[in-house]
Amino acid sequence: MHLSKSKQESLTKSFLLFFTVMELFLAFIFYNYYKLEEEHLSESLFLEMKNYSFFFDNDKFQMDIVPSTKNQNYYELYFDNRELYILVPFKDDENSSLAILYPLDKYKSQLNKIKERLFIQLMIFSFISALVSLLFSAYTLKPIKDALFLLEEFIRDIIHDLNTPITSILINLKMMKHTQEADSIAQSANAIAMLHKNLDVYLKDSKFEKEPTEVDKLLKEQIDYFKSLYGYLDWNLDIEKVTIDSNDIALSRIIYNLLSNACKYNTSNGFIKIELTQYQLTITNDSYGGIKNPKRVFERFYKESDRGIGIGLHIVEKLCGELKIEKSLEVEGSLVKVRLHF
C-alpha cells in the first residue's frame, strides 16, 4: 500500500541521511588519524636514523658518502625515489656528507600496514554506525509511523463506508425521472464516486489482468461525462476505433484523471483537443499559466494550486507503469499536452 511505502521510503531516507553523516565523520577522523600515524612513523624513523649516526649500532639502516650541497641541511629527513635519508657531517672530507639511508619500499610497506589496520577499523565502525543509524531512524520515525498507520486505517474505513451510500444513490438516481435537479445530483454523485475510486486505487496495490480493451469506447464514455460538466469548453475530437491489450478499469481511471485535470485547470473560454490513433492518445488543453514544474506533476501529493489533493496524476503514473504504457508531457506557454503511447 502507498502509505506503507511512504513509511518505508521515510525510514530509508532517514537511515541514509544519518548513515552518510556518520560515515563522513568517521572518514574525516580516520583520514586525520592516518596522517598522524604517517607523521609519527616519519618522526620515529628520523630519530632512529639520528641516533644511528652517533652509535652505528643498528643494521636497519645503510650508510653512504655523498657530495655536500648548499640546498640540504644536516639532520633533516629527506625523501627521494628510492630512499629516506638524513645527512650528517663527514669529518674526513668537508665537501662530503654521510647519508643515513632507509629503503623507501620498506617505508611504504609500513604505511600500507597502517592503512590496512585503519581500513579494518573503519569497516567495523561503519557497521556499528549503520546499526546505530537504523535504530535511531526507526526511533525518530516511530511517531510518524504510528500517525500514518492511523491515517491509513481511517481512510480505509471511510472508503469502505462510502461505497454503500454512493452505490445506493447512483442506483436510485437511475430510477428517477430525468429532471434538471436529478441530473445535477447525478453529476455530483458521480464526482464523489470517481474520487472514491481514485482513493481506492491509490490505497490498493492491485494487479490488473490484461484483456482486449476498446480504448475509443472508454474514451467516449469519459468525454460524455466531462462534457456534461464542462459544456462551455470547446471540445475538438478526432477519435479512431482502437483496441489494445490492456485493462478496462485501469485505463478508464487513467483517462478520467487526465481529462479531469484538463478540464479543472482550463480557462473559461478554453478548449480540449483529443486525438486517438492506433499508437497513441493525445490530450491537449488550454490553461491560465501552463505548468510551473512539469517534471513534478506526477509526484505524489504535488499540486500547483489549492484545488485537489495531488494524487490524480500520481495514479496515472502508477497505472501507466503497471500497464506498460509510456506517457509524455509537453508544456508550451499556456498549452499542456499529454501523450499516452500504446
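Everything quoted here is computed from the prediction, not taken from an experiment.
Shown here is F298, whose CZ atom has more than 12 heavy atoms of other residues, nucleotides or ligands within 6.0 Å. Heavy-atom neighbours of Y74 OH from other residues, nucleotides or ligands within 6.0 Å: above the threshold of 12. Surrounding OH of Y279 are at most 12 heavy atoms belonging to other residues, nucleotides or ligands under 6.0 Å away. More than 12 non-hydrogen atoms from other residues, nucleotides or ligands lie less than 6.0 angstrom from OH of Y232. The number of heavy-atom neighbours closer than 6.0 Å to NE2 of H341, taken from other residues, nucleotides and ligands shown, is above 12. With a 6.0 Å radius and a threshold of 12 heavy atoms from other residues, nucleotides or ligands, K60 has its NZ atom above the threshold. Counted within 6.0 Å of CZ on F25, heavy atoms from surrounding residues, nucleotides or ligands total 12 or fewer; the atom is thus considered open.
With hydrogens and angles ignored, the 3.5 Å screen pairs a side-chain donor or acceptor of Y78 with a backbone N or O of N73. Checked by atom type and distance alone, the side chain of D105 never pairs as donor or acceptor with a backbone atom of R82 at under 3.5 Å. Of the possible donor and acceptor atoms, none in the side chain of D248 sits under 3.5 Å from a partner among the backbone N and O of T213. Remark: side-chain polar atoms of K210 are paired, donor with acceptor, to backbone N or O of L323 under 3.5 angstrom. No donor-acceptor distance shorter than 3.5 angstrom exists from the side chain of N293 to the backbone of K295, with no hydrogens or angles considered. Using a distance-only test at 3.5 Å, with no hydrogens or angles considered, a donor-acceptor pair links the side chain of Q278 to the main chain of K241. The main-chain N or O of F28 is found under 3.5 Å from a side-chain atom of N32 such that the two form a donor-acceptor pair. Proximity of a side-chain donor or acceptor of S44 to a complementary backbone N or O of L41 within less than 3.5 Å is not detected. Judged by distance alone, with hydrogens and angles left aside, the side-chain atoms of S53 form a donor-acceptor pair with the main-chain N or O of K50 at under 3.5 Å.
Between I244 and L251, the closest side-chain pair of non-hydrogen atoms falls below 4.5 Å.
Taking the six-membered ring for Trp, F226 and Y256 have ring centres closer than 6.0 Å.
Here K217 contributes atom NZ and S252 contributes atom OG; the two are 11.0 Å apart, rounded to the nearest 0.5 Å. Atom-to-atom distance recorded for L219:CG and L237:CG is 8.0 Å, nearest 0.5 angstrom. The distance from atom CD of E37 to atom CZ of R117, rounded to the nearest 0.5 Å, is 5.0 Å.
Evaluated for a side chain to side chain contact (heavy atoms under 4.5 Å, CB included) with L281, the options I239, V242, L276, I254 yield exactly one hit, L276. Of the candidates L101, I100, L45, L45 is the only one forming a side chain to side chain contact (heavy atoms under 4.5 Å, CB included) with L84.
Between E330 and R339 there is a salt bridge, since a side-chain N of the basic residue sits under 4.0 Å from a carboxylate O of the acidic one. At a threshold of 4.0 Å, the pair K113-E116 does not count as salt-bridged, since none of the basic side-chain nitrogens sits closer than that to a carboxylate oxygen. In summary, K318 and E322 engage in a salt bridge, as defined by a charged side-chain N under 4.0 Å from a carboxylate O.
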